[in-house]
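Below you'll find the structure, written out as structure tokens, and then a few comments.
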Amino acid sequence: MYKIALLPGDGIGPEIVPQAVRVLKAVGQRFDREFQCETALIGGAAYDATGHPLPEETLRLCQASDAIILGAVGGPKWDNLEPHLRPERGALLPLRKQLGLYANLRPATVNFALADASPLKYDLVAGLDILIIRELTGGLYFGEKRREDLPGGGQKAVETLEYSTEEVERVVRLAFTMAQKRGKKLTSVDKANVLESSRLWREVVEELAKEYPDVELNHMLVDNCAMQLVRHPKQFDVMVTENMFGDILTDLASQLTGSIGMLPSASIGGQVALYEPIHGSAPDIAGKNIANPIATILSVAMMLRISFQLEEEAAAIERAVDSVLQQGYRTGDIMQPGKIRLGTVEMTDAIIRELGEQAQ
Ligand code: NAD
Ligand code: IPM
Ligand code: MN
């Protein structure tokens, strides 16, 4: 029996998480596995109900679970709260930090059926399979922040970008290990021509590289990397980078796959791992049954593989998603001429149907 904490959150979160759970239950039935899910409040929904975006009870449930599935947090309703009460700064970041989730794995793979849905040319993206590893508990997100009033009027805002040797080492080591299991190529992305933290980052990477002679390493400056991801994304295999560069580059990479609604993620490094789509709460489409549930469904597959070593179950979900896309089913964000448009629930129905057919 596996104990899973569900944190739907805000916006489209409460639409997509229940759909991902339906897929999980279908897999459980087919493979005779029991998943016990418990839901807790997080983000704006938690603030509205309890006055805090990360209630103690939610944190405790996460710590007592075998894995966590999160939808998304935030939205215009909570944008003007004090920073420590905002869903992003008051809930998501502390949750990642408290659980010790220092590495965020964001795979961008392109299904051949969807290669035409990407804004890039078919040949540039068809068959793409890259893994971006984003450092998740350091950098600008967690460094000291403050405001000062200036004597002449106006203010100064200070943000601190900090990394220690150890923080860099653990995530980069993980990246080398993952590269060893994949295409044996690692690109470390930094801004070592300007930032001191990036100079340290590069030194640590160079030192560790000696332990992984079978992995081909290259360093790339982040501005060039953004350009290279669009120019020739297939040059990459595994990439590793600091927190904010990773945040930005993965939203960019999501478009290679056709939509941000396709990209799952796994946040690992602590006792319990957290699985979430890389997209946000998408307030502009919330409540309309049009959000793409696939990023969250594929996050469930990552959970089965990484937290529970249920490889066959994970692969079954991925195959079902592929197959449904091949059959021409699409949500609005990946819609193409001549294809069949489905809502959030109906796309999930199709994936569950496909899972059932695989079993025949
Ligand atoms: P967003 O990712 O929510 O949305 C960006 C665009 O992508 C929107 O047009 C949206 O409709 C679309 N989109 C996103 N997910 C989709 C899906 N599954 N299917 C179809 N279309 C989808 O980013 P944003 O608009 O910059 O942020 C909205 C809120 O979400 C903000 O409050 C932000 O802080 C928060 N956010 C939370 C997380 C998280 O909880 N992990 C991640 C990113 C943003
Ligand atoms: C993400 C999000 C978060 C981040 C925000 C909501 C704090 O954009 O998970 O990618 O920047 O990490
Ligand atoms: Mn982001």
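First listed ligand is number 1; within each ligand, the first listed atom is number 1.
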Counting only heavy atoms closer than 4.0 Å, does ligand 2 sit against the backbone of His279, its side chain, both, or neither? neither
Tyr163/Trp201 aromatic ring centres below 6.0 Å: yes
Please give me the minimum heavy-atom distance between Glu242 and Glu135, naming the atom from each residue. CA-CB, 3.9 Å
Any salt bridge (charged side-chain N to carboxylate O under 4.0 Å, His left out) involving residues 216-233? Give me the pairs, sequence neighbours left out, ordered by first then second residue. Lys191-Asp223
Between CZ on residue Arg86 and CG on residue Leu92, distance to nearest 0.5 Å: 11.5 Å
Could you enumerate the protein N, O or S atoms under 2.8 Å from the Mn ion (ligand 3), written like residue then atom name? Asp247 OD1
Taking only Lys NZ, Arg NE, NH1 and NH2, and the carboxylate oxygens of Asp or Glu, determine whether Lys234 and Asp129 approach each other closer than 4.0 Å. no
Report every pair formed by an N or O atom of ligand 1 and a protein N or O atom separated by less than 3.5 Å, giving atom names and the distance to 0.1 Å.
| unit_1 | atom_1 | unit_2 | atom_2 | d |
| --- | --- | --- | --- | --- |
| ligand 1 | 2 (O) | Gly280 | N | 2.7 |
| ligand 1 | 3 (O) | Gly280 | N | 3.4 |
| ligand 1 | 3 (O) | Ser281 | N | 3.3 |
| ligand 1 | 3 (O) | Ala282 | N | 2.8 |
| ligand 1 | 9 (O) | Asp284 | OD2 | 2.8 |
| ligand 1 | 11 (O) | Asp284 | OD1 | 2.8 |
| ligand 1 | 11 (O) | Asp284 | OD2 | 3.0 |
| ligand 1 | 15 (N) | His279 | ND1 | 3.4 |
| ligand 1 | 18 (N) | His279 | NE2 | 3.2 |
| ligand 1 | 18 (N) | Asn292 | O | 3.0 |
| ligand 1 | 19 (N) | Asn292 | N | 2.9 |
| ligand 1 | 30 (O) | Ser281 | N | 3.1 |
| ligand 1 | 30 (O) | Ser281 | OG | 3.1 |
| ligand 1 | 32 (O) | Gly75 | N | 3.2 |
| ligand 1 | 32 (O) | Glu88 | OE2 | 2.9 |
| ligand 1 | 34 (O) | Glu88 | OE2 | 2.5 |
| ligand 1 | 40 (O) | Val73 | N | 2.8 |
| ligand 1 | 41 (N) | Glu276 | OE1 | 2.9 |

Have a look at Thr187 and tell me which of Asn218, Asp237, Thr241 forms a side-chain hydrogen bond (donor to acceptor under 3.5 Å, both in side chains) with it. Asn218
What is the nearest protein non-hydrogen atom to atom 1 (C) of ligand 2, stated with its residue, atom name and distance? Arg106 NH2, 3.5 Å
Distance from atom 8 (O) of ligand 2 to nearest protein heavy atom, with residue and atom: Asp247 OD1, 3.3 Å
Set of residues satisfying side chain to side chain donor-acceptor pair (under 3.5 Å) with respect to Asp66, sequence neighbours excluded: none
Considering only the protein, which heavy-atom contact is closest to atom 9 (O) of ligand 2, and what is its distance? Arg96 NH2, 2.7 Å
Please report the shortest heavy-atom distance between Gly9 and Pro14, naming the atom on each side. O-CG, 3.5 Å
Are the charged groups of Asp149 and Lys156 less than 4.0 angstrom apart, N to O? no
More than 12 heavy atoms of other residues, nucleotides or ligands under 6.0 Å from CD of Gln235: is that the case? yes
Can you find an N/O atom of Arg134 closer than 3.5 Å to an N/O atom of ligand 2? yes
May I ask you to check whether Glu88 has an N/O atom sitting below 3.5 Å from an N/O atom of ligand 2? no
Ionic contact status for Arg96 with Glu276, cut-off 4.0 Å: yes
Geometric cation-pi criterion, Arg33 with Tyr2: 6.0 Å, 45°: no
In Å and rounded to the nearest 0.5 Å, what is the NE2 to CG distance from His219 to Asn224? 14.0 Å
Who's the nearest protein heavy-atom neighbour of atom 11 (O) of ligand 2, and how far? Tyr141 OH, 2.6 Å
